[in-house]
Amino acid sequence: MNFRRIKSLIALLEDENQKIASSALSELLKYGKEAGFLIKRFQESPNVLLRKRIHQIQAVARVRELREMLSRRLNNVHSGLWNGLLEIHMLWFDRDIKENINELFWALLDEFKANCDFSARAVSLFMKSRGFVIPIKGDIDAEFYCIGPVLESKIGTEAVLSALVYKLLLESGKKAKIVKVKQGFGVFCYDGYVIIPNDWELIASTDGEHRECMPGEILKSIAFKLFLSTVTSDSFRYSYTIGSCIGKTSTSDAIIKLSSILKENTK
C-alpha cells in the first residue's frame, strides 16, 4: 500500500478549491479498503471541511459496497433473503442503519410468537390484525419495496410481505417456503395451505401445484420493480444505483423480467 500517496490525497481534501478536493476524493475511492483505515482516522477531524469530505468518501464507499453485495445476491438463487431485503432498503434509504430495521422486526417477532400458534390460519389472522396490506393496484411507490417502511407503514408488495411472513416463521423454528401463485407470491405452510398477502387469503395446496421461489429470484423481482419505481418518479440517482445492480445480472434474464414487470404495471 502506498501510505505516502494516500496521506497526500487526504491532505488535499482540506483544499478550499472544490476541483482539487474532488479529484483527491475520486483517487482515494480507487484505493478502496486499502485507504479505509487511514481515512477513518480523520472522520472526527476538527477541520470541518476535511471531516465533511471524509464522510462523503465513506458514504460513497458504503453505497458501492452495498451495490456490489446486492449484485452478487441477484445472481445467486440461494442468496440470504433477509440480508438482501436489508441491502435493497439501504440502497434507497442510504442514511439508515440495519440495526434500526432489525429492531422493528424483532419487536414484530415477539408479538408473533406471543399471539400465533403458527398454523397458516393463525399467521394469516395475525398479519391481518396488525394491518399489513398490499398497495392499491398500479401504485409502485418505492417504499412498498423497502422492508423498513413496510414494517412501519404496514403497506408492502406481495413479494416483500411474503418474505416477511417467511422470516417470521423461520425465526420461530417453523418450516415454510415462498411460492409463486397466480395472484403473485405467497407462503406455503406445512399444514397444507398457501397464505396470500392479498387480503391474507388462504388457498388449499396440493403437491406440485405451486412453484417454490428461491431467495435470489424474489430479490430480483423486488429490485426490478423498485427500478421501475425510480424511473417513473424521475429518481435518476436511484435509477442508476438500482440499475447498476440489475445490469450485472444476466442480460437476457433482465430484459425478459423487466418486460413482464412493465406489462404487469401498465395494464
What are the two closest heavy atoms between [X] and [Y], and how far apart are they?
X	Y	result
G148	H89	N-ND1, 3.2 Å
L202	A120	CD2-O, 3.7 Å
I222	A159	CG1-CB, 3.8 Å
E158	N198	OE2-CB, 3.9 Å
A24	L13	CB-CD2, 4.2 Å
A223	I88	N-CD1, 4.4 Å

Pairing donors with acceptors under 3.5 angstrom, does anything connect the side chains of S22 and Q18?
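Per modelled atom types, S22 and Q18 side chains form a pair under 3.5 Å.
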Heavy-atom distance under 4.5 Å between the side chains of L49 and E16, does that happen here?
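L49 vs E16: side chains touch.
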Kindly work out whether a path of hydrophobic side-chain contacts (I/L/V/M/F/W/Y, heavy atoms less than 4.5 Å apart) joins [X] to [Y].
X	Y	result
I195	L109	yes
L169	W106	yes
F93	M90	yes
L86	I97	no
L81	L170	yes

Tell me every residue that passes side chain to side chain contact (heavy atoms under 4.5 Å, CB included) with V150, counting only those two or more places apart in sequence or in another chain.
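Applying side chain to side chain contact (heavy atoms under 4.5 Å, CB included) to V150 gives V160, L161.
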Within 6.0 angstrom of [X] [atom1], more than 12 heavy atoms from elsewhere:
X	atom1	value
K52	NZ	no
F144	CZ	yes
F132	CZ	yes

Determine the interplanar angle of the F105 and W82 rings, folded into 0 to 90°, and report it as parallel if under 30°, tilted if 30 to 60°, perpendicular if over 60°.
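The arrangement is tilted - the two ring planes meet at 30° to 60°.
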Working to the nearest 0.5 angstrom, can you tell me the gap between I147 CD1 and E152 CD?
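One finds 10.5 Å between CD1 of I147 and CD of E152.
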Rounded distance (nearest 0.5 Å) linking atom CG of L168 with atom CG of L108
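Spacing of CG (L168) from CG (L108) equals 5.0 Å.
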May I ask you to say whether R5 pairs ionically with E27, meaning some side-chain N is under 4.0 Å from a carboxylate O?
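Here R5 pairs with E27 in a salt bridge, since their nearest N and O are under 4.0 Å apart.
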As a quick check of understanding, evaluate side-chain contact (heavy atoms from CB on, under 4.5 Å) for F112 and V123, giving each step before the final call.
CA-CA 8 Å; F112 183 71; V123 173; 3.9 Å; yes
What residue pairs, at least two apart or across chains, pass salt bridge (charged side-chain N to carboxylate O under 4.0 Å, His left out) with a residue in residues 116-134?
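Sorted pair list: E111-R130, K128-D199.
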Check against side-chain contact (heavy atoms from CB on, under 4.5 Å), L50 and I10:
CA-CA 8 Å; L50 176 60; I10 291 174; 4.3 Å; yes
Please lay out, stage by stage, how S221 and F185 fare under the test side-chain contact (heavy atoms from CB on, under 4.5 Å).
CA-CA 10 Å; S221 175; F185 289 98; 3.8 Å; yes
